[in-house]
Novice: 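Pasting a structure below so you can have a look.
Position 1 is the first residue of the sequence; numbering continues from there. Just follow the structure's listing: the first ligand is 1, and inside any ligand the first atom is 1.
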Amino acid sequence: MLMDELNRQIYGCKKCRLWQGAKHGVPGEGPLNAKVMLIGQNPGADEDELGRPFVGRAGKFLTKTLAEYGIKREDIFITNIVKHVSPENRKPYSDEVAACLPYLITQISFIKPKIIVLLGASAKETPRIDGIEYIQVIHPSAAMRFTKMREKFRKQIAELAKRIKQN
Ligand code: URA
């Protein structure tokens, strides 16, 4: 199966209830040969509007911080565990996560990244696959809001930049 076909399935997905309140599925974006994959929890209102991941305030902050450490957003495959926005941006329910996870697993198997960056709560739900290095990072929306978190987030992104250079 090609990524295009997978994306079509995600746009038309009705495996859980979330599609009903969403404008667009948000499959994710980035090069198919990306060394690094970045995984968030679920798209918010801005992402739903555009059908693209991490394009709202948190996404802009993430993109800017990555760039400050020499990491280009365009080099990374960015996605979420759950591919549709949730009502009031609530945390996705476990049955929604379970319904959506096969998409993420297929994306990982297509891209075969060296490093997977797990943002915030996605760390708990992402399956670990042998041979891939997992790096857990504070979610950018928390890092934006709290100074202490922001400092830690920067350190984590600096460390990520080092690991990418070594790969
Ligand atoms: N937060 C996420 O976890 N994912 C997005 O796509 C946007 C914000």
Side-chain angles (χ1 to χ4, degrees), residues 3 6-13 15-32 34 36-69 71-108 110-111 113 115-128 132 134-146 148-150 152-154 156-157 160:
M3 193 65 108
L6 184 72
N7 290 347
R8 265 193 293 280
Q9 287 183 18
I10 292 170
Y11 293 132
C13 186
K15 286 200 220 159
C16 79
R17 59 191 80 73
L18 291 180
W19 66 274
Q20 298 173 57
K23 291 194 179 126
H24 294 109
V26 184
E29 64 187 23
L32 295 185
V36 182
M37 253 179 107
L38 194 143
I39 303 175
Q41 173 102 50
N42 63 305
D46 295 308
E47 289 75 22
D48 179 48
E49 200 61 53
L50 297 177
R52 294 181 54 210
F54 284 99
V55 288
R57 278 191 62 205
K60 290 197 175 109
F61 176 73
L62 170 70
T63 304
K64 181 168 152 270
T65 310
L66 290 173
E68 282 168 19
Y69 290 92
I71 306 170
K72 287 197 211 117
R73 175 185 167 115
E74 314 84 78
D75 291 343
I76 294 180
F77 191 92
I78 303 180
T79 188
N80 287 292
I81 303 233
V82 169
K83 314 299 195 199
H84 277 114
V85 72
S86 50
E88 327 276 301
N89 210 14
R90 65 160 169 75
K91 194 177 173 331
Y93 298 148
S94 57
D95 65 320
E96 294 159 353
V97 170
C100 221
L101 260 186
Y103 294 130
L104 180 67
I105 292 167
T106 306
Q107 288 173 321
I108 296 172
F110 281 167
I111 292 162
I115 297 171
I116 290 185
V117 182
L118 300 168
L119 294 182
S122 73
K124 271 190 241 113
E125 289 149 356
T126 302
R128 304 303 199 260
I132 299 177
Y134 290 81
I135 298 178
Q136 212 174 312
V137 169
I138 291 171
H139 197 284
S141 51
M144 258 185 342
R145 259 178 274 149
F146 307 104
K148 276 261 148 61
M149 297 256 202
R150 189 155 56 244
K152 187 152 182 221
F153 178 72
R154 289 192 168 282
Q156 290 173 329
I157 299 296
L160 171 66

Novice: Would you mind listing every salt bridge (charged side-chain N to carboxylate O under 4.0 Å, His left out) that reaches into residues 86-107, with sequence neighbours excluded?
Specialist: R17-D95, R17-E96, R90-E96, K91-E125
Novice: Give the residue and atom name of whichever protein heavy atom lies nearest to atom 4 (N) of ligand 1, and the separation in Å to one decimal.
Specialist: N80 OD1, 2.7 Å
Novice: Could you list which atoms of ligand 1 come closer than 4.0 Å to a heavy atom of G40?
Specialist: 3 (O)
Novice: Can you tell me if L119 contacts ligand 1 (heavy atom of the residue under 4.0 Å from the ligand)?
Specialist: no
Novice: Does F54 reach ligand 1 with a nitrogen or oxygen that is under 3.5 Å from one of the ligand's nitrogen or oxygen atoms?
Specialist: yes
Novice: Test K83 against every option in L104, N42, L18 by the side chain to side chain contact (heavy atoms under 4.5 Å, CB included) rule and name the one that passes.
Specialist: L104
Novice: Should H139 be counted as touching ligand 1, given the test is an N or O pair under 3.5 Å?
Specialist: yes
Novice: Can you confirm whether K152 is buried at NZ, in the sense that more than 12 heavy atoms of other residues, nucleotides or ligands lie under 6.0 Å from that atom?
Specialist: no
Novice: Atom CG in L66, atom CZ in F54: separation rounded to 0.5 Å?
Specialist: 10.0 Å
Novice: Is Y134 atom OH crowded by more than 12 heavy atoms from other residues, nucleotides or ligands, each under 6.0 Å away?
Specialist: yes
Novice: Taking heavy atoms and a distance under 4.0 Å, where does N42 meet ligand 1: side chain, backbone, both or neither?
Specialist: backbone
Novice: I'd like to know if P43 contacts ligand 1, where contact means a heavy-atom distance under 4.0 Å to any ligand atom.
Specialist: yes
Novice: Examine F153 together with F61 and report whether their ring centres are nearer than 6.0 Å.
Specialist: yes
